[in-house]
*Asks:* 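This structure is in structure tokens; I'll ask about it shortly.
Hydrogens, waters and symmetry mates play no part in the numbers below; they use all other heavy atoms, side chains included. What you see is a predicted model, and the numbers here were worked out from it, not measured in a lab. Naming convention: chains lettered A, B, ... in sequence-line order (proteins, then strands); numbering from 1 in each chain.
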Amino acid sequence: MMRDVLAAFVLLNVVVLIVTYLTYVERKFAARMQSRIGPYRVGRPHGWLQPIADAIKLLIKEDIVPALADRPVYNLAPIVFLLPSLLIFATIPFAPGLGLADLNIGILFFLAVSSLEIVGLFMGGWGSNNKYALLSAMRAVNQIISYEVPFVVTALIPVLLAGSLKLSTIVQAQEGLWFVAYPVIGQLAFVAFIVATIASENRVPFDILEAESELVAGFRVEYSGMKFALIQLAEYTHMFGVSCLGALLFLGGWLGPGLPGWAWFLLKALFIFLLVTWVRWSFVRIRVDQILGLSWKVLLPATLVLLMATGFWVALGGGHVA
Amino acid sequence: MPDLEARKVIELGYGGSERLVMNMGPQHPSAHGVFRMILTLEGETIAAMDSVIGYLHRCHEKLGETLTYAQYPSIASKTDYVAAMTSELAYVLAAEKIGKIDVPKRAQYLRVLVAELQRIASHCLWLGTWCLDLGGALGGGATVFLYCFRERELVLDLFEALTGARLLYGFHQVGGTRYDLPEGWATRCLESVKRIDQRIDEYEEMLEANTAFLVRTQAVGVVSRELAQEVGIAGPLLRGSGVEFDIRKNDPYSSYADFDFKIPVETAGDCYARYRVRMQEFRESIKIVRHVLDGLPAGPISSRPALKSVGQVRIPKGEAYARVEGPRGEVGCYVVADGSPKPYRMKWRGASFSNLAILPHIVPGHKVADVVAIMGSVDPVFGEVDR
């Protein structure tokens with residue numbers, strides 16, 4: 001018992017630390033894309049203390065609650081938003097045996113918990129009593145319902161190939177060949193997974209719920225100080241979680257020569273994170289109706305067809321023989 | 001058209017409609033300054049739109065009556081601060097028209113040169129901010145924005161070398177220009193426009209191959225040819241709707257007739273057409289800049305003696321309207337002179353002000369996200385709208 005609590009505590013802190021530094025990675029990466037330098041002043045070399053400085057700044061900022069906000073809902077929302085993002089790490093195996101709980105329904109747990117995020121998001125949008133926030137929450141529900149489905153369908157393709165819902169088994173099934181390298185099916189599924197990932201993370205081009213040029217900052221427009229920091233943390237944690245999932249499902253998790261398993265795993269997760277970031281900083285946002293259209297008319301049928309094709313292939317003896 | 005009836009229904013709360021009135025601006029990331037829109041929404045769709053302007057009113061026209069012909073050009077810059085050279089030029093053209101003052105050929109060419117460089121700088125700012133509207137400050141929009149500002153900086157550096165100022169220049173004066181080209185400026189200018197020319201290719205590559213950009217701009221905010229003419233919009237908006245009208249061609253001033261350039265016209269009338277028109281204008285402007293520097297005549301830069309006092313320029317009694325093609329359309333200046341060193345009355349025709357009038361005609365029926373796309377494609381500058 002004590003050991004489990006300690007392990008959870010360590011994991012939580014490691015994840016939060018990694019996520020804090022992901023913001024730094026993203027800022028530097030975006031800066032390179034835009035021919036800028038990015039954070040540079042706080043900490044030598046290359047402003048490496050910037051995330052810490054940001055966190056301290058947000059901690060000591062005044063916490064403002066709008067006069068007409070629904071206070072309990074408003075105050076609870078950031079926590080409800082953050083919780084599922086942290087919970088998903090419970091089931092992620094960072095290396096063989098290095099993980100909290102390698103559930104035999106790991107992926108199911110992941111998908112179920114990560115979609116709980118919407119509750120916190122909607123609470124924030126509703127509780128703020130702000131029209132922009134409300135509109136954003138409305139969009140969020142639309143979008144997450146639409147993209148959760150193709151996201152789950154694409155996540156099922158590796159499950160079919162490996163013949164297991166357990167994340168560590170899925171990784172072991174990729175011992176010979178990573179799923180992304182499977183002919184045609186692997187690549188298409190990976191692309192669909194990235195698209196669904198971007199949408200479920202609400203990033204450009206699917207960031208209609210933040211949409212600062214229309215809705216100012218969307219559901220978090222009224223949040224300040226530490227509550228804002230929690231929301232930000234939740235978003236990046238979720239993003240990191242989904243990147244980890246991508247690494248497990250398609251890129252062979254901890255498998256790789258030379259480096260220790262956890263290092264390979266983090267590198268692969270970072271790769272997916274940077275892929276998403278690359279898309280983010282080179283696309284413009286698309287409209288809410290176009291996003292829904294893309295999901296229901298293109299992505300969902302395409303992933304369903306892909307899933308069926310994978311099923312046939314596995315039935316005919318392809319895939320991993322367990 | 002303010003849809004007051006529609007709003008009344010909501011405010012009184014009857015009619016059973018589920019409409020929501022949302023205020024956008026004057027402090028809003030996409031207000032392009034201080035524009036306020038009162039949107040009546042049905043879900044995400046806009047049912048009606050009211051626009052409120054005047055937050056940046058600085059009594060520019062009254063100010064023009066209290067300043068002399070020598071002083072005001074530097075202040076005229078502040079109407080449209082994104083294209084300061086344009087409004088200065090309109091003012092001095094009006095004064096010259098009344099006083100029948102000749103302008104030396106070299107000064108005329110210099111005026112064309114700075115006007116075209118100004119168009120490039122202004123379009124850079126437009127493209128950057130418009131992409132910010134489309135893609136957000138935390139996405140690809142910011143990338144295009146920063147690229148555009150990098151290129152705008154090249155033009156501003158040129159202006160700085162020429163006039164000592166980066167935003168508001170005071171370059172034009174009645175009878176000619178105030179400054180001549182410094183040594184080595186022409187070579188530097190040619191290098192800069194060459195770089196900008198290459199970078200424009202990069203923008204086009206980045207945007208036009210991007211499906212997200214296309215679906216956000218094509219068939220959005222369509223202005224028909226008839227509507228465009230009826231409302232009286234000008235500049236790239238008008239040309240994006242298939243009307244071939246450009247004052248540089250239709251009513252040439254300052255020796256524009258000497259140069260060979262095309263007037264880009266697109267017929268679709270949507271945001272994408274306006275984008276295409278402006279992108280082609282970039283190229284035409286670069287062409288004109290090269291042409292001017294190629295055949296720049298020698299000679300004086302002003303037909304009048306250098307200024308020694310502010311009251312030195314007196315314009316005889318009379319009145320005139322002068323217009324120039326600014327980056328945003330027709331910029332006109334109407335001056336009534338009474339023989340004193342100050343105009344008796346002056347009036348601006350701001351291109352942004354007239355262009356903004358199109359918004360209530362095209363915005364209803366679109367989604368909230370399209371409002372900012374349409375607004376950005378109109379490219380208003382609120383210094384010029386409110387004056």
*Asks:* Quick one: OH on A:Tyr132 to CG on B:Asn23, what's the gap to the nearest 0.5 Å?
*Replies:*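 Answer rounded to 0.5 Å: 6.0 Å.
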
*Asks:* Please classify the contact of B:Val368 with chain A as side chain, backbone, both or neither, using a heavy-atom distance under 4.5 Å.
*Replies:* both

*Asks:* Please classify the contact between B:Met22 and chain A as side chain, backbone, both or neither, with a heavy-atom cut-off of under 4.5 Å.
*Replies:* both

*Asks:* Checking heavy atoms, do the side chain of B:Tyr147, its backbone, both or neither come under 4.5 Å from chain A?
*Replies:*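 Only the side chain of B:Tyr147 comes within 4.5 Å of chain A.
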
*Asks:* Is it the case that atom CD in B:Gln27 sees more than 12 heavy atoms from other parts of the structure closer than 6.0 Å?
*Replies:* no

*Asks:* So which part of B:Leu207 gets closer than 4.5 Å to some heavy atom of chain A, the side chain, the backbone, both or neither?
*Replies:*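 B:Leu207 has no heavy atom closer than 4.5 Å to chain A.
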
*Asks:* State, to 0.1 Å, how close B:Ala212 and A:Val284 come at their nearest heavy-atom pair, and which atoms those are.
*Replies:* CB-O, 3.5 Å

*Asks:* How far apart are the closest heavy atoms of B:Val215 and A:Arg287, and which atoms are they?
*Replies:* O-NH1, 4.4 Å

*Asks:* In Å, rounded to the nearest 0.5 Å, how long is the span from CE of B:Met24 to NZ of A:Lys131?
*Replies:*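 Rounded to the nearest 0.5 Å, the CE-NZ separation comes to 13.0 Å.
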
*Asks:* Can you tell me how far CE of A:Met33 sits from CG of B:Leu146, rounded to the nearest 0.5 angstrom?
*Replies:*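 Taking CG in B:Leu146 and CE in A:Met33, the distance rounds to 11.0 Å.
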
*Asks:* Measuring from A:Asp289:CG to B:Thr45:OG1, what's the distance to the nearest 0.5 Å?
*Replies:* 8.0 Å

*Asks:* Would you mind telling me which of B:Asp370, B:Thr211, B:Val371 has the largest number of heavy-atom pairs within less than 4.5 Å of chain A?
*Replies:* B:Asp370

*Asks:* Decide if atom CZ of A:Phe29 counts as having more than 12 heavy atoms of other residues, nucleotides or ligands within a radius under 6.0 Å.
*Replies:*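 Above 12, so yes.
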
*Asks:* Above 12 or not: heavy atoms from other molecules or residues under 6.0 Å from CZ of A:Arg41?
*Replies:*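 Counting other residues, nucleotides and ligands, CZ of A:Arg41 stays at 12 neighbours or fewer.
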
*Asks:* If you look at every heavy atom in A:Arg139 and B:Ala369, which pair is closest and at what distance?
*Replies:*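 A:Arg139 and B:Ala369 have their closest heavy atoms at NH2-N, 4.1 Å.
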
*Asks:* How about A:Leu68: does its CG atom have over 12 heavy atoms from other parts shown lying under 6.0 Å from it?
*Replies:* no

*Asks:* Pick whichever of A:Leu294, A:Leu135, A:Thr277, A:Val279 has the most heavy-atom pairs under 4.5 Å with chain B.
*Replies:*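 Most heavy-atom pairs under 4.5 Å with chain B: A:Leu135.
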
*Asks:* So, for A:Ser282 and B:Met206, which heavy atoms are closest and what is the spacing to 0.1 Å?
*Replies:*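 So the two residues come closest at O-CE, 3.8 Å.
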
